[in-house]
Each structure stands twice: as structure tokens, then as C-alpha cells.
Trainee: 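If you scroll down you'll find the structure; I have some questions about it.
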Amino acid sequence: MLPRTAVSHGEGGDLGLPLFAHGGQLEQGFVENLIGRQIRPEPARLEDHREVALDGQGWCVLVPAAGERVTGRLYRSLVAEDYRRIDSYQGVMEGLYIRSVAAVLSERGEDSEPAWIYLPTERTLRRYVAEQFTS
């Protein structure tokens, strides 16, 4: 089941929350091209989630998974327009992903902090992921 904290396209991008990106998702150079400026991510990890490979797609998505963790990057200083562009790329308006708030741990401190993450919708999971992850 996906969290209820999801937002729709255009909402919440100006709340000042950083963005957590995992694995090959939203690599630094790609994000810089997408938003039109340089940005420096910092290492971070997301607790209670794991990466699941999309069948035949060559990339992974995040799914909730108690006790597991995912390493990635934290992008700070993003503004509403940045999130609009990233949401568009992620297919938020098409119903492929939702942007949701989760707790991440960065190198800045020992306490977790809220950050945006992109989660696949049930529609995306049913289309690309083995049945065991969609029930």
C-alpha cells in the first residue's frame, strides 16, 4: 500500500523540502540539465524502503519495506519550478509516480529529516513489477 502523503503535480514544491533520489534515478548531471543550473547533492539513505527492478525497463523503483534501506542522494535548494520539471519527467501528471514525503538520513546529522521521494503508483507496479509486489 502506498502512503497517503502523496501530492499531485504542482503542489508542495515550495515547501523547502529536499529531494531524495536513489540508485540511477535522477543523477546529478541529468537533474542539472533538467532544472537549468548546477546543484550539488549529498549522500543520504532512506529507511524502510527497497529498490525493485521494473521488468524489462532497466531501472528500479522504491517500495516500502520495513527494516530495509536504500542509499542515494539528497538534493537541497530546489524550488517549485524545479519540482514542476522533475514531476513532469517522472510522469506524475500521467499517474505513473507520486511525490511523497519520507524520512531520510543525510551526512549532515544523526537525525532523520523529511524529504520528497518518488513512488510508483499502483498502475505502474501492476504494469512492470512481479505480482508479489502489487498485492
Side-chain angles (χ1 to χ4, degrees):
M1 180 173 214
L2 296 175
R4 297 265 183 226
T5 56
V7 297
S8 61
H9 181 75
E11 294 179 32
D14 56 353
L15 294 179
L17 295 181
L19 171 66
F20 175 83
H22 62 99
Q25 178 199 42
L26 300 173
E27 292 181 352
Q28 181 179 354
F30 179 82
V31 171
E32 290 175 344
N33 284 333
L34 193 60
I35 67 174
R37 63 184 163 83
Q38 291 185 337
I39 189 165
R40 186 169 293 173
E42 61 187 84
R45 75 173 184 260
L46 173 66
E47 301 291 330
D48 296 322
H49 286 78
R50 71 174 154 170
E51 293 176 302
V52 174
L54 292 180
D55 291 343
Q57 298 304 305
W59 68 86
C60 295
V61 297
L62 293 174
V63 295
E68 296 191 41
R69 76 171 53 145
V70 177
T71 59
R73 297 163 304 292
L74 202 58
Y75 292 102
R76 298 185 186 277
S77 303
L78 295 173
V79 298
E81 176 62 16
D82 300 334
Y83 278 108
R84 186 193 67 71
R85 290 176 184 204
I86 297 168
D87 284 354
S88 179
Y89 169 76
Q90 290 291 121
V92 172
M93 290 298 289
E94 292 80 19
L96 300 175
Y97 289 85
I98 56 172
R99 184 164 28 105
S100 183
V101 176
V104 299
L105 187 61
S106 75
E107 288 188 337
R108 286 188 178 188
E110 296 179 16
D111 295 327
S112 62
E113 64 181 288
W116 293 115
I117 62 172
Y118 285 96
L119 294 173
T121 61
E122 293 294 329
R123 172 182 157 200
T124 298
L125 290 175
R126 278 194 303 272
R127 183 172 177 184
Y128 294 112
V129 181
E131 187 173 304
Q132 65 188 19
F133 299 111
T134 60
S135 42

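Side chains included, hydrogens not; waters and symmetry mates left out as well; all remaining heavy atoms used. This one's a predicted model, so the numbers in the text were calculated from it and none came from an experiment.
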Trainee: Any idea which heavy atoms bring E94 and S88 closest together, and the distance?
Mentor: OE1-O, 4.3 Å
Trainee: Distance from I117 atom CD1 to I98 atom CD1, nearest 0.5 Å?
Mentor: 8.0 Å
Trainee: How long is the gap from CG on L62 to CZ on F20, to the nearest 0.5 Å?
Mentor: 6.5 Å
Trainee: For P18, what residues pass the side chain to side chain contact (heavy atoms under 4.5 Å, CB included) criterion, not counting sequence neighbours?
Mentor: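 Residues passing side chain to side chain contact (heavy atoms under 4.5 Å, CB included) with P18: L74, R76, E113, A115.
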Trainee: Using modelled atom types only, decide if a donor and an acceptor are shared between the side chain of R73 and the backbone of Q25 within a distance under 3.5 Å.
Mentor: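 Between the backbone of Q25 and the side chain of R73 there is a qualifying donor-acceptor contact (under 3.5 Å).
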Trainee: Using 30° and 60° as the class limits, which term best fits the ring planes of F30 and Y89: parallel, tilted or perpendicular?
Mentor: tilted
Trainee: How about CZ on R40, more than 12 heavy atoms from neighbouring residues, nucleotides or ligands closer than 6.0 Å, or not?
Mentor: no
Trainee: Following the transitive rule for hydrophobic clusters with a side-chain heavy-atom cut-off under 4.5 Å over Ile, Leu, Val, Met, Phe, Trp and Tyr, establish whether L19 and L105 coincide in one cluster.
Mentor: no
Trainee: For the residue pair G67 and D48, what are the closest heavy atoms and their distance?
Mentor: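 G67 and D48 have their closest heavy atoms at N-OD1, 2.7 Å.
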Trainee: Without swapping roles, check the side chain of R85 against the backbone of L34 for a donor-acceptor pair under 3.5 Å.
Mentor: yes
Trainee: Which atom pair, heavy atoms only, marks the closest approach of L119 to S100?
Mentor: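 Shortest heavy-atom separation between L119 and S100 comes out as CD1-CB, 3.9 Å.
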Trainee: With no hydrogens and no angle check, just 3.5 Å: does a side-chain donor-acceptor pair link Y97 and D87?
Mentor: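 Looking only at side-chain atoms, D87 and Y97 do not form any donor-acceptor pair under 3.5 Å.
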Trainee: Measure the CG-CD distance between L46 and E51 for me, rounded to the nearest 0.5 Å.
Mentor: 9.5 Å
Trainee: Quick one: CD1 on I86 to CG on L78, what's the gap to the nearest 0.5 Å?
Mentor: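 Those atoms lie 5.0 Å apart.
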Trainee: Shortest non-hydrogen contact from V70 to R50?
Mentor: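 Closest heavy-atom pair between V70 and R50: CG2-CA, 3.5 Å.
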Trainee: Could you tell me whether the side chain of L125 reaches within less than 4.5 Å of the side chain of V63, counting heavy atoms only?
Mentor: yes
Trainee: How long is the straight-line distance from CZ of R69 back to NE2 of H49, given to the nearest 0.5 Å?
Mentor: 14.0 Å
Trainee: Between OG1 of T124 and OH of Y118, what distance do you get to the nearest 0.5 Å?
Mentor: 13.5 Å
Trainee: Going by the rule salt bridge (charged side-chain N to carboxylate O under 4.0 Å, His left out), which residues pair with R45 if we only count those two or more places apart in sequence or in a different chain?
Mentor: E47
Trainee: Under 3.5 Å, is there a donor-acceptor pair between the side chain of Y83 and the main chain of W116?
Mentor: no
